[in-house]
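As the structure lists them, so they are numbered: ligands from 1, and atoms in each ligand from 1. We count residues from 1, following the sequence as given.
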Amino acid sequence: MTQRPVVIAGGGIGGMATALTLHQIGVPCVMLESVREMKPLGVGINLQPNAVRELDDLGITEAELDEVGVPAKEWALVGLNGNDIYTEPRGKLAGYRWHQYAVHRGKLQMLLYRKVLERMGSASVQLGARVSGYRKLPDGGVMVHIAHADGTRGDIPAAMLIGADGIHSAVRGQMHPAQTPIHWGGSIMWRGVAWAKPIRSGASFVGLGTHKHRVVFYPISHPHPESGLALINWIAEVTHDKADEKQLSGWFRQVSVESFVHHFDGWTWDWLDVPALIRDAGVAFENPMIDRDPVPTWIDGPVALMGDAAHAMYPTGSNGASQAIIDARVLGAMLCEHGVTEAALEAYNSRLCGPISRLILRNRGAGPFGLLNLVDERCAGRFDNIDEVIPPGERNAFMADYKAAAGFAMEALNAAPRTLAPDARVPESPVLQRLTAV
Ligand SMILES: Cc1cc2nc3c(=O)[nH]c(=O)nc-3n(C[C@H](O)[C@H](O)[C@H](O)COP(=O)(O)OP(=O)(O)OC[C@H]3O[C@@H](n4cnc5c(N)ncnc54)[C@H](O)[C@@H]3O)c2cc1C
């Protein structure tokens, strides 16, 4: 008699959070990851307080997050004239019960990976194992098809398959064979990291420029005690009026900073030198800003999508990784309520698919950066007193609306019960026994 596990396709932040959650609630699982070796890839991402809360509930401490990032203190939009458009405190400084963290994506992924190995053992992860498809079984389970990096193929019978395999998800491709191609709206981002003195609060997220031409930067490490320098993540962005794919030389690739830094010539103030910050990085990653059109459902019987596989979105709201963590926790809660059943996946889907699909479309409208659109429209970026362009009430209402849609409105989050109680466990049920016993 062997256990039939839940199989997780993909070991990104979403897959790792799912594995840790399933382990916490007593559901056997195996994570299949296509890369042969886990490496700390990527640059900066933000973890909103709702996601930090869930990591806390998973036993990931602030001290551990401080090793892969830094609590964000401020979020600020600044015009090209160097004047503030909107600023607000973030995380605990704003009154949340949890920090917002700005972290190195790859280091966070490795932290979660270490936790998976420590808690679940090395047999719980298979590297070099790409999920190539699935077949639903008559008994309610699912056969997961795997293409191994050594060229061999295999199958694993599973109680469920969770597709956490990112924006190019094979699981989603099978679930929605007629899905539209990846959507690109005309923006190109170049991302990099450089050591520099953190400005403003010392841990500020700053978006500077216009809706179509801007730079975003924030520290993702504590300052070095002697030099005072911190690792600064920057994203330089230019939007073309027409999204002509001929403007793209690749979807994700490493480029020299000299190939694009000219877009930011003259972006220097006495408190910031954007071309110098970009040049200090040496290399950058060119990423078109892409997402996927929402799909009507994230489930197909015992198969569910989560994270970018379910809702790849523009990073304008800084909530892609946070939402992946929330997905994992809501999935866990639904499994505790309904057992390892299709009803649990249906409850997960009806809780999240609709609202998060709307958030994808909202982020296409620039998410919280939408305030920059208003400044462009009303004064072409020229203002002395922002209150005369967008009154404070309008600015505050805009941001409150966005945060409510993204699930991190402060009062609601602070008052919300835990997604999963510490002692929550999946119920023993005849259905679970049938699906996990072969
Ligand atoms: C290498 C990399 C670098 C990134 N860098 C940044 C960044 O700098 N800033 C930022 O904002 N966002 C970045 N992202 C995206 C960000 O991590 C995600 O938006 C967010 O964390 C949600 O994560 P996810 O787990 O759903 O998807 P992802 O992070 O994309 O993880 C998906 C995982 O699944 C694996 N995989 C893919 N297909 C299969 C398959 N068929 N079978 C098994 N495994 C599969 C991938 O190797 C990957 O490890 C990056 C993603 C990747 C993969």
[atom]: nearest protein contact (heavy atom, Å):
{"atom": "atom 31 (O) of ligand 1", "result": "G12 CA, 3.5 Å"}
{"atom": "atom 8 (O) of ligand 1", "result": "V43 N, 2.7 Å"}
{"atom": "atom 22 (C) of ligand 1", "result": "D308 OD1, 3.5 Å"}
{"atom": "atom 41 (N) of ligand 1", "result": "V131 O, 3.0 Å"}
{"atom": "atom 32 (C) of ligand 1", "result": "A164 O, 3.6 Å"}
{"atom": "atom 34 (O) of ligand 1", "result": "G10 CA, 3.3 Å"}
{"atom": "atom 44 (N) of ligand 1", "result": "S34 N, 3.2 Å"}
{"atom": "atom 1 (C) of ligand 1", "result": "L41 CB, 3.7 Å"}

Under 30°, 30 to 60°, or over 60°: which ring-plane class applies to [X] and [Y], parallel, tilted or perpendicular?
{"X": "F260", "Y": "W234", "answer": "tilted"}
{"X": "Y86", "Y": "W75", "answer": "perpendicular"}
{"X": "Y348", "Y": "W298", "answer": "tilted"}

Which atoms of ligand 1 sit under 4.0 Å from any heavy atom of [X]?
{"X": "I13", "result": "21 (O), 25 (O)"}
{"X": "G42", "result": "3 (C), 5 (N), 8 (O)"}
{"X": "G14", "result": "24 (P), 25 (O)"}

Picking from L231, N233, I232, what satisfies side-chain contact (heavy atoms from CB on, under 4.5 Å) with P219?
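The residue from L231, N233, I232 that satisfies side-chain contact (heavy atoms from CB on, under 4.5 Å) with P219 turns out to be I232.
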For L32, the option from I8, D165, I156 that meets side-chain contact (heavy atoms from CB on, under 4.5 Å):
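Single side-chain contact (heavy atoms from CB on, under 4.5 Å) partner of L32 among I8, D165, I156: I156.
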Option set [options], criterion heavy-atom distance to [atom], minimum:
{"atom": "atom 6 (C) of ligand 1", "options": "M31, Q126, R105", "value": "R105"}
{"atom": "atom 48 (C) of ligand 1", "options": "Q109, E33, M16", "value": "E33"}
{"atom": "atom 21 (O) of ligand 1", "options": "A321, A324, G106, G166", "value": "A321"}

Is the closest side-chain donor-acceptor distance between [X] and [Y] under 3.5 Å?
{"X": "H211", "Y": "N373", "result": "yes"}
{"X": "S201", "Y": "S204", "result": "yes"}
{"X": "N50", "Y": "E54", "result": "no"}

Specify side chain, backbone, both or neither for [X], according to which of its non-hydrogen atoms lie closer than 4.0 Å to ligand 1.
{"X": "L32", "value": "backbone"}
{"X": "A129", "value": "backbone"}
{"X": "S169", "value": "neither"}
{"X": "I45", "value": "side chain"}

Do [X] and ligand 1 have an N or O pair less than 3.5 Å apart?
{"X": "R191", "result": "yes"}
{"X": "M306", "result": "no"}
{"X": "G44", "result": "yes"}
{"X": "G307", "result": "no"}

For [Y], is there an ion pair with [X] - N to carboxylate O distance below 4.0 angstrom?
{"X": "D401", "Y": "R362", "value": "yes"}
{"X": "D293", "Y": "R364", "value": "yes"}
{"X": "E62", "Y": "K92", "value": "yes"}
{"X": "D139", "Y": "R4", "value": "yes"}

Does L352 reach the side chain of H311, with side-chain heavy atoms less than 4.5 Å apart?
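They are not in side-chain contact.
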Any chance you could lay out the ring-ring contact (aromatic ring centres under 6.0 Å, His included) test for W190 and H263, step after step, and finish with the verdict?
CA-CA 11 Å; W190 296 273; H263 289 293; 5.5 Å; yes
Return yes when P315 approaches ligand 1 closer than 4.0 angstrom through a heavy atom, no otherwise.
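Under 4.0 Å: no for P315.
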